[in-house]
Amino acid sequence: MFKKFTPGSDISGHTPVKSSVQRSIRNSILSQWKIEPETLEAIWPKKEGLVLVKCRDHISVYTVKQEPLFFQHFDESFFPTLRLLHKYPHILPAVKIDRGAIRFVLSGAQIMCPGLTSKGGELPPTEAALQAGTPVGIFAEGKEHAVAVGITKMGTEDMKATNKGVGVETTTYLGDDLWALKAL
Amino acid sequence: MGRKQNRARSPSPAPEPEAAAVEGEPSVQARPPMEVLYCAVCTFPIEYCEFGSSITRCKEWLKESNSALFDELYSDEALQAKIGTLSLEAQAKLEQDTAKKEAKAEAKADAALKKKLASQITIKRIERTKRKHVTAIHGLEAFNIDLKKAAKQLASKFATGASVTKTPTGAEEIVVQGDVAEEVREMLEEGVGILKGVPADNIEITEEKRKKGGD
Ligand SMILES: [Zn+2]
């Protein structure tokens, strides 16, 4: 989403979010992420206004005190920015790619199933399987911190079974143009 | 692989047991954020420097700023351990790629510097009427000078109007009311305020006479 993103031309405006809408965003995040209300409150205090930064291609980035915290495509799921996930790694379910896949992800590639099912990769166990369309943190073999944020394109059990094609679509990754923006 | 290493790496990203406990019952406290050390050179968490395009400078910086962490990350055994499940061939390829990337980034930085040193700043004295002039300054952005701030600085220095305007070619220039071409040249040469980093040889003053029948 943010591979070639130029704030100057790709942002159409900043608007404060109405408080009723903020409430519904807060509820969506609480239901979509694995986050405690107290932690969300610490990240985004109720008294701090949320600002919607409208971007190209129906991407919305939300900031608090100018810091980008999460984003959304159309009215789909909310994704934390990678910096936010680094601070709170537990808020999304995790998948792990093998070391060989890291450099591809860092150049913006989607994540192919074999990179997740190989020895260095990791998918949740069957009892914690994820459905298609789940926001996930993308971790990497031998690394402590997440390398990207993405969304599953098929169920994790299907990834193990078919082991072919794109398993996870990367929405933001280390070093993309959203990473470069500490303030918006 | 050292024990420390193990400890740093082992917290699997999967939810820890305590997370499950927190979910059911209302917890009172927010979780404290993790502290991540980001590289001052490439901005990545330091464990990812090896995938950036500035590994040599990244390593220099870390060694200088935190030698213990440097040893932990770049010791022989750490280097061995991090190869993980990657084949030796793949690791060699990766290292080759990193070196290539770095060389490329350096070449790019070099080219950018050369371009900068070759960039010209034009200060144009434009005649509006017999006694009125404006001064257009073109090319400052090549030296990473913020045009808006520069315009503000010039406006207050000369107590006159100064604005950033688009030229017909799509570039931007600063237009200052009044004939201040020589003064601007001096300011650039002395590096006053934010007008820094421009070699004197790159500055040129030109003249644009009023077309006949003008205002
Ligand atoms: Zn670095």
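Labels below follow one simple rule: chain letters A, B, ... track the order of the sequence lines, proteins then strands, and each chain is numbered from 1.
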For B:R31, the option from A:I91, A:T39, A:I43 that meets side-chain contact (heavy atoms from CB on, under 4.5 Å): A:T39
Contact part of A:A146 toward chain B, heavy-atom cut-off under 4.5 Å: side chain, backbone, both or neither? backbone
Sort by residue number and list every residue of residues 53-71 of chain A having at least one heavy atom under 4.5 Å from chain B. none
Does atom CG of B:D76 have more than 12 heavy-atom neighbours from other groups under 6.0 Å away? no
For B:L94 and A:R103, the nearest pair of non-hydrogen atoms, with its separation, is CD1-CD, 3.4 Å
Other residues, nucleotides and ligands only: do more than 12 of their heavy atoms fall within 6.0 Å of NZ on B:K157? no
With no hydrogens and no angle check, is any side-chain donor or acceptor of A:K143 less than 3.5 Å from a backbone partner on B:Y48? no
Once rounded to the nearest 0.5 Å, what's the spacing between atom CZ of B:F51 and atom CG of A:L106? 6.5 Å
Interface moiety of A:L174 toward chain B, non-hydrogen atoms closer than 4.5 Å: both
Atom CD in A:E144, atom CG in B:L37: separation rounded to 0.5 Å? 11.0 Å
Just jot down the ring-ring contact (aromatic ring centres under 6.0 Å, His included) partners of A:H86, sequence neighbours excluded, or say none. A:H145, A:W179, B:Y38
So, using ring-ring contact (aromatic ring centres under 6.0 Å, His included) as the criterion, who are the partners of B:F143 when residues are at least two apart? none
Tell me whether the count of non-hydrogen atoms from other residues, nucleotides or ligands lying under 6.0 Å of NZ in A:K160 goes above 12. yes
In terms of heavy-atom contacts, does NZ of B:K196 have more than 12 from other residues, nucleotides or ligands at under 6.0 Å? yes
So, for B:F44 and A:G175, which heavy atoms are closest and what is the spacing to 0.1 Å? CE1-CA, 3.6 Å
Which pairs with one or both residues in residues 42-53 of chain A pass side-chain hydrogen bond (donor to acceptor under 3.5 Å, both in side chains), sequence neighbours excluded? A:E41-A:K46
